[in-house]
Amino acid sequence: MTALDDLRAAVGRAAASLGAQPKAPPTLERPRQAGHGDYATNAAMLLAGALKAPPREIAERLATAMAAELGDALDRAEVAGPGFLNLFLTDAWHGRALAGVLAAGEDYGAGRPEKPERVLVEFVSANPTGPLTAASGRHAAYGDALRRLLRFAGHSVDGEYYFNDAGSQVRKLGLSIQARARGDEPPEDGYQGDYVAELAAEIPEAATAEVEVVTRRGVELVFARIRATLAAYRVEFESFFSEAALYEGEPDAVHRAYARLEEQGRLYRSDGALWLRTTELGDDKDRVLERATGAATYFASDIAYHEHKLERGYDLLIDVLGADHHGYIGRMKVAMAALGADPARLEIPILQFVHVVEGGERASMSKRRGEFITLDDLIAEIGVDAARWFMLARSHDSAVDLDLDLARRQSAENPVYYVQYAHARIASIRRRTQVEPAVEEATALHPSERALVKALLEFPVEAADAAERRAPHRISAYALELAQVFTAFYRDCQIVGEPEEAGRLALAVAAQRTLARSLDLLGITAPEEM
RNA sequence: GCGCCCGUAGCUCAGUGGAUAGAGCGCUCGCCUCCGGAGCGAGAGGUCGCAGGUUCGAAUCCUGCCGGGCGCGCCA
């Protein structure tokens, strides 16, 4: 329980004491206007209907009840506007609130769900046919941050990378490598990038060996590069899952999935193909699993893969996909239902595209033609921290433009450095003081100190919201705000050598920990010095 | 035709029912005897795409339209 939770509970009790239930949970928010108090609640307006009285009059009664609830924590409560109750809290309340933050220690803001869930986050999952692109950088940053957020919320989370290593795409890579090795142009629908020639040079006998051999070797080499890129980007996976593995063993995962679907009575044969009766579950047409040729469709692989995930005991499956896959959401939800699982156990957040911009215009970004900015390029140009911030500072719902020139020019002004700088500055202050941080409740506080306490109190709510909404970008917005509020405090309140040193140091330490945690949730470093 | 996402300051974007809509960058002016100037303060800059609706209250919810991005295979 933070001081904010206590305050919220007090509002609830005060509202209940007036003899009616609010028509919605009352809000408790930090007003934008300085004159509107530390927190404001709309409880009176929500009670007006049930109590059949003007909101402002109810707010007056609520103010009296709040005074009784809060005692010396409340300086005064003012009725304002259409019926808001603005709460002005004392320095003692702020001091106790800060003490609570410090007492929580490194875990401040962490969630403790009654029933932690086992979650599998599948992300990146780029096919091993070329280097990771800047767009993969968005997926890697998002999936990794999501995993960190869910863990911080108290869940058990694994990250997995799924790749198609059996289909025609990897075969095209093999053919392209072989063509290069022979000095020919790659096939028209093959891969054209310079890396294909590099791969050809790294594979002895690439010109003469069987294409299967060249393909297998090419995939290994590409995967080695992908892993190296991910390691440089500080993204690790608990597992890599190969599509080919779904067709190994007896019975293989695909046939286990068929058996499961058969149990559910969802399969039938028609025109020589094996069909899944998805129309019964709301789809507009039934879907083929096995073609008349006997070859399984991708949909069959995907179903088998998800059945395999369920078999592994995960409560929640999260697939992070690109905007071009949004049509997949409905199909896979239907597939979950067909497997007899609750479709709500599968979530598919969609990341909008990263557009590469050159000279103010959107450039094409084709992996086949070799026209793309690689994630390695991006890291080399602006560094991992700035790249991850760039990818995570925006909602996953909005497309981002990546202009490498602009990114390079702006990287020095990237807000991530402002946040890191605030952290480093606190580290520096701590190196300069001999005093132990200690909250002194009786001390009068500067408005900037009170503002910083309130900013710190927002963190657990922000972290929980960001996890629930699968929205890491909220953490970057929060981190920037916290850094700004800290910097204002730093400007207004000398720490080292002042009588208030211990108390102000306590505030700085709480800010440092929270900044470090926020950056950690984004996979960004929190330097001691810069 | 159907579906998903977006439209907020010059630019890039936050803001999923509260009061006078914010940040970063850019622009103008001011500030380095003071714990780290990667900074601080002040200012200019907005029909929140348009039109209706719900509500005490709408950038936010609902409907329709306009504009942009992306999808709707026995492709992968």
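None of the values given here were measured: they were computed from a predicted structure.
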* Asked: If only atom types and distance count, is the side chain of E501(A) paired as donor or acceptor with the main-chain N or O of G503(A) below 3.5 Å?
  -> no

* Return the value, rounded to whole Å, for the distance between atom NZ of K23(A) and atom P of G57(B). => 10 Å

* Candidates A38(B), A19(B), A76(B) - which lies nearest the side chain of Y417(A) -> A38(B)

* Nearest-angstrom distance, C1' atom, G10(B) to A44(B) -> 12 Å

* Got T278(A) and R331(A) here, is their nearest side-chain heavy-atom distance under 4.5 Å? -> no

* Distance, rounded to the nearest Å, where Q352(A) contributes CD and C4(B) contributes C1' -> 8 Å

* **Secondary structure string for RNA chain B (Watson-Crick or G-U under 3.5 angstrom, | for other-strand pairs)** => ((((((((.[[[[.)..(...]]]].(((((.......))))).....[[[[[..)....]]]]])))))))....

* Heavy-atom pair of closest approach, residues L51(A) and L18(A) -> CD2-O, 3.6 Å

* To the nearest Å, how far apart are I348(A) CD1 and C5(B) P? -> 14 Å

* May I ask you to establish whether R394(A) and F390(A) are in a cation-pi arrangement, using a distance under 6.0 Å from NZ or CZ to the six-membered ring centre and at most 45° from the ring axis? => yes

Which donor-acceptor pairs under 3.5 Å do side chains of residues 320-328 of chain A form with protein atoms, sequence neighbours excluded?
residue : atom : partner : partner atom : Å
H326(A) : ND1  : A323(A) : O            : 2.9

* To do: Answer yes or no on whether R287(A) is positioned over the face of F299(A), meaning its NZ or CZ is under 6.0 Å from the six-membered ring centre and within 45° of the axis.
  => no

* **Euclidean distance for C1', C11(B) against C27(B) (whole angstrom)** => 12 Å

* To do: Please tell me which of the listed nucleotides, A76(B), C74(B), G18(B), lies nearest to the side chain of W275(A)?
  => C74(B)

* Asked: So what does A323(A) hit on the nucleic acid, given a heavy-atom distance under 4.0 Å: a base, only sugar-phosphate, or nothing?
  -> sugar-phosphate

* Indicate yes or no for a side-chain donor-acceptor contact from D38(A) to the backbone of L89(A) under 3.5 Å, with no hydrogens or angles considered. => yes

* Asked: Would a line drawn from the ring center of Y39(A) to the ring center of F88(A) be shorter than 6.0 Å?
  -> no

* To do: Assign R474(A) to base, sugar-phosphate, or nothing according to its heavy-atom contacts below 4.0 angstrom with the strands shown.
  => sugar-phosphate

* Position toward the 5' end of RNA chain B (nearest nucleotide), T27(A) or H396(A) -> H396(A)

* Nucleotide C70(B), atom P - distance to OH of Y328(A) in whole Å -> 21 Å

* Asked: Do H139(A) and F123(A) have ring centroids that are under 6.0 Å from one another?
  -> no

* To do: Kindly confirm or rule out a cation-pi arrangement of R425(A) over Y490(A), judged by NZ or CZ under 6.0 Å from the six-membered ring centre and within 45° of its axis?
  => yes

* Indicate syn or anti for C61(B), taking the glycosidic torsion and treating anything within 90° of 0 as syn. => anti

* Using a heavy-atom cut-off of under 4.0 Å over every strand shown, decide if A48(A) touches base, sugar-phosphate, or nothing. => nothing

* To do: Tell me what D465(A) touches on the nucleic acid: a base, only sugar-phosphate, or nothing, going by heavy atoms under 4.0 Å.
  => nothing

* To do: State whether the aromatic ring of H36(A) stacks on the base of A19(B), taking stacking to mean ring centres under 5.5 Å apart and ring planes under 30° to each other.
  => yes

* For the residue pair L276(A) and I303(A), establish whether any side-chain heavy-atom pair is separated by less than 4.5 Å. => yes

* Structure fact -> Among C40(B), A38(B), C75(B), the one nearest any side-chain atom of Y418(A) is C40(B)

* Do E57(A) and R61(A) sit within salt-bridge range, that is, some charged N less than 4.0 Å from a carboxylate O? -> yes

Nucleotides 22-24 of chain B: which of its N/O atoms have a protein N/O under 3.5 Å away?
residue : atom : partner : partner atom : Å
A23(B)  : O3'  : Q484(A) : NE2          : 3.2
G24(B)  : OP1  : Q484(A) : NE2          : 3.3

* If the C1' atom of C32(B) is compared with that of G39(B), how far apart are they to the nearest Å? -> 10 Å

* Asked: Using a cut-off of less than 4.0 Å, is there contact between a side-chain N or O of H325(A) and OP1 or OP2 of C4(B)?
  -> no

* What about D189(A), does its side chain sit under 3.5 Å from the base of A76(B) through a donor-acceptor pair? -> no

* Asked: What's the verdict on salt bridge (Lys or Arg N to Asp or Glu O under 4.0 Å) for K172(A) and D189(A), showing C-alpha distance, side-chain angles and the deciding distance?
  -> CA-CA 8 Å; K172(A) 278 180 198 164; D189(A) 58 350; 3.8 Å; yes

* Asked: With a non-hydrogen cut-off below 4.0 angstrom, is A24(A) in contact with a base, only sugar-phosphate, or nothing?
  -> nothing

* To do: Would you indicate which nucleotide in G69(B), A14(B), G3(B) comes nearest to any side-chain atom of H355(A)?
  => G69(B)

* Asked: Looking only at side-chain N and O atoms, does R291(A) come under 4.0 Å of OP1 or OP2 in C75(B)?
  -> yes

* R32(A): salt bridge (Lys or Arg N to Asp or Glu O under 4.0 Å) partners, not counting sequence neighbours -> none

* Using the C1' atom as the reference point in each nucleotide, state the distance between C40(B) and G24(B) in Å, no decimals. => 16 Å

* Asked: Can you tell me how far C1' of C72(B) sits from CZ of R331(A), to the nearest Å?
  -> 9 Å

* Nearest-angstrom distance from the residue atom CG of D302(A) to P of G73(B) -> 15 Å

* Under the 3.5 Å rule, do the base of G71(B) and the side chain of D324(A) count as making a donor-acceptor pair? -> no

Review item, nucleotides 7-13 of chain B N/O atoms under 3.5 Å of protein N/O:
residue : atom : partner : partner atom : Å
U12(B)  : O2'  : R394(A) : NH2          : 2.5
C13(B)  : OP1  : A399(A) : O            : 3.0

* Take the angle between the ring planes of Y305(A) and F241(A) and call it parallel below 30°, perpendicular above 60°, tilted in between. => tilted

* To do: Would you mind classifying the nucleic acid contact of A477(A) as base, sugar-phosphate or nothing, using non-hydrogen atoms under 4.0 angstrom?
  => sugar-phosphate

* To do: Would you confirm whether the ring centroid of Y162(A) sits within less than 6.0 angstrom of the ring centroid of F240(A)?
  => no

* **Nucleotide C4(B), atom P - distance to CG of L351(A) in whole Å** => 18 Å

* Atom NE2 of H326(A) to atom P of C72(B): distance rounded to whole Å? -> 8 Å

* Of the nucleotides G73(B), A14(B), C56(B), which one has an atom closest to the side chain of K285(A)? -> G73(B)

* **Axial cation check for F459(A) ring with R517(A), 6.0 Å and 45° limits** => no

* So what does N164(A) hit on the nucleic acid, given a heavy-atom distance under 4.0 Å: a base, only sugar-phosphate, or nothing? -> nothing

Under 3.5 Å between N/O atoms: give me all the protein pairs with nucleotides 34-36 of chain B, atom names plus distance.
residue : atom : partner : partner atom : Å
C35(B)  : O2'  : R432(A) : NE           : 3.1
C35(B)  : O2   : Q494(A) : NE2          : 3.3
C35(B)  : O2   : I495(A) : N            : 3.2
C35(B)  : O2   : V496(A) : N            : 2.8
C35(B)  : N3   : I495(A) : N            : 3.0
C35(B)  : N4   : Y490(A) : O            : 2.3
C35(B)  : N4   : C493(A) : O            : 2.8
G36(B)  : OP1  : S428(A) : OG           : 3.1
G36(B)  : O2'  : Y421(A) : OH           : 2.8
G36(B)  : O2'  : R425(A) : NE           : 2.7
G36(B)  : O2'  : R425(A) : NH2          : 2.9
G36(B)  : N7   : S428(A) : OG           : 3.0
G36(B)  : N3   : Y421(A) : OH           : 3.3

